[in-house]
Amino acid sequence: MPVLFGLVALVGVVCALDLALTVGVIERLVEQSEKCARLGRGPASSLAEGDRVDAFRTVTADGRPLHRDQLPDGTAVAFFTPDCGTCRETLPRFLEYARALPGGRRQVLAVVVGEEEEAAGYVAQLAPVAQVVVEERGGPVSLAFAVIGFPALLQVARDRSGTLVTTTGSLDLGPAGAPVSRAA
């Protein structure tokens, strides 16, 4: 009988230990989920408002050369990648925002980061409203804008010295389904 009580006590201790470990794992998963959620809401470019955009030279999807000095004041700049769920969710709102800009395609630059075949769907949707560039990760435009995540949505203008700088660290497209508002 004492052996039976000992075994029952051992099983109880093992169950209590298992429960404690399970609670610890759940707490850790909640922490990680919160961190991931914060990252998703944070800036996708390391450039902050007023930071200088580095020089770049590239070619648009329709074969036109493009460099930093060709971007007019108030240009909306967006970076998407085909394998990004948040990019797919953001694209319709960005398209709506771009259509409403007074400067038309000239005032919108969309960069799709990835293989040309994967990017084709994005290019087809973005081309009517934006100058579109397709580039590999770490391409010249992504480097010039210090892109660290996707989607990255910024706006640029010239400062007093004529240097192209970001005017918003993150372009506000508003919540899904809401009217689009333009950042100043």
Side-chain angles (χ1 to χ4, degrees), residues 40-49 51-158 163-184:
R41 288 190 303 266
S45 170
S46 61
L47 295 182
E49 186 174 329
D51 284 350
R52 180 179 184 268
V53 176
D54 287 341
F56 66 86
R57 289 190 177 279
T58 190
V59 177
T60 62
D62 57 4
R64 297 180 186 177
L66 180 68
H67 55 86
R68 176 187 66 188
D69 298 333
Q70 292 175 299
L71 299 179
D73 284 355
T75 296
V77 183
F79 293 84
F80 297 100
T81 187
D83 59 358
C84 164
T86 306
C87 295
R88 286 188 291 277
E89 293 170 9
T90 304
L91 183 61
R93 290 181 305 174
F94 179 76
L95 291 169
E96 181 184 341
Y97 178 88
R99 279 187 201 98
L101 286 174
R105 287 183 79 236
R106 187 173 177 273
Q107 198 169 355
V108 183
L109 173 61
V111 181
V112 183
V113 177
E115 299 292 326
E116 283 192 42
E117 301 80 37
E118 296 174 331
Y122 277 82
V123 172
Q125 292 180 72
L126 289 162
V129 297
Q131 301 173 82
V132 183
V133 171
V134 177
E135 67 181 21
E136 298 287 324
R137 288 195 188 274
V141 186
S142 296
L143 290 175
F145 282 89
V147 174
I148 56 175
F150 297 96
L153 307 167
L154 305 133
Q155 194 167 34
V156 296
R158 307 233 175 270
T163 302
L164 192 70
V165 298
T166 57
T167 56
T168 60
S170 180
L171 198 58
D172 181 17
L173 303 180
V180 176
S181 64
R182 281 194 264 306

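The figures that follow rest on heavy atoms only: side chains count, while hydrogens, waters and symmetry mates do not. Predicted model only: the values in this text are computed from it and were never measured. Count residues from 1 along the sequence.
- Scanning both residues, R158 and D73, for their nearest heavy atoms gives N-OD1, 2.8 Å.
- Distance OG1/T166 to CZ/R52: 12.0 Å, rounded to 0.5 Å.
- Here the side chain of R88 pairs a donor or acceptor atom with the backbone of P82 at under 3.5 angstrom.
- In this structure, the separation between CD on E135 and OG1 on T81 is 10.5 Å, given to the nearest 0.5 Å.
- A distance of 5.0 Å separates CG of L66 from CZ of F56, quoted to the nearest 0.5 Å.
- T163 contributes atom OG1, which lies 9.5 Å from atom CG of D69 (distance to the nearest 0.5 angstrom).
- With values rounded to the nearest 0.5 angstrom, L126 atom CG is found 12.0 Å from Q131 atom CD.
- Using a 4.5 Å heavy-atom threshold, the side chains of V129 and Y97 count as separate.
- When side chains are defined from C-beta on, V53 counts as touching L164, because their heavy atoms get closer than 4.5 Å.
- Residues passing the side chain to side chain donor-acceptor pair (under 3.5 Å) test with T58: none are found, sequence neighbours excluded.
- Scanning for ring pair (Phe, Tyr, Trp, His ring centres under 6.0 Å) contacts around F94 gives F80, with sequence neighbours left out.
- Within a 6.0 Å sphere centred on CD of Q70, heavy atoms belonging to other residues, nucleotides or ligands number more than 12.
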Exercise for the section: Given side chain to side chain contact (heavy atoms under 4.5 Å, CB included), test L101 with T75 step by step and report yes or no. Expected result: CA-CA 9 Å; L101 286 174; T75 296; over 6 Å; no

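- When all heavy atoms of P140 and R57 are compared, the closest pair comes out as CG-O, 3.8 Å.
- Annotation: side chain of D83 is not in contact with side chain of E118 (no heavy-atom distance under 4.5 Å).
- When atom types are taken as modelled, the side chain of E116 and the backbone of V134 share no donor-acceptor pair closer than 3.5 angstrom.
- Listed by first then second residue, pairs satisfying salt bridge (Lys or Arg N to Asp or Glu O under 4.0 Å) with a partner in residues 106-115 number zero, not counting sequence neighbours.
- Across every non-hydrogen atom of L47 and A146, the tightest pair is CG-CB, 4.1 Å.
- Shown here for A119 and V112, the closest heavy-atom pair between the two residues is CB-CG1, 3.4 Å.
- Each of V156, V132, V133 was compared with L109 under the side-chain contact (heavy atoms from CB on, under 4.5 Å) criterion, and only V133 meets it.
- Between T86 and F150, the closest side-chain pair of non-hydrogen atoms is not below 4.5 Å.
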Worksheet item: Can you check side chain to side chain contact (heavy atoms under 4.5 Å, CB included) on L91 and Y122, steps first, answer last?
Response: CA-CA 8 Å; L91 183 61; Y122 277 82; 3.8 Å; yes

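- C87 and P151 make their closest contact through SG-N, 3.7 Å (heavy atoms, listed as atom of the first residue, atom of the second, distance).
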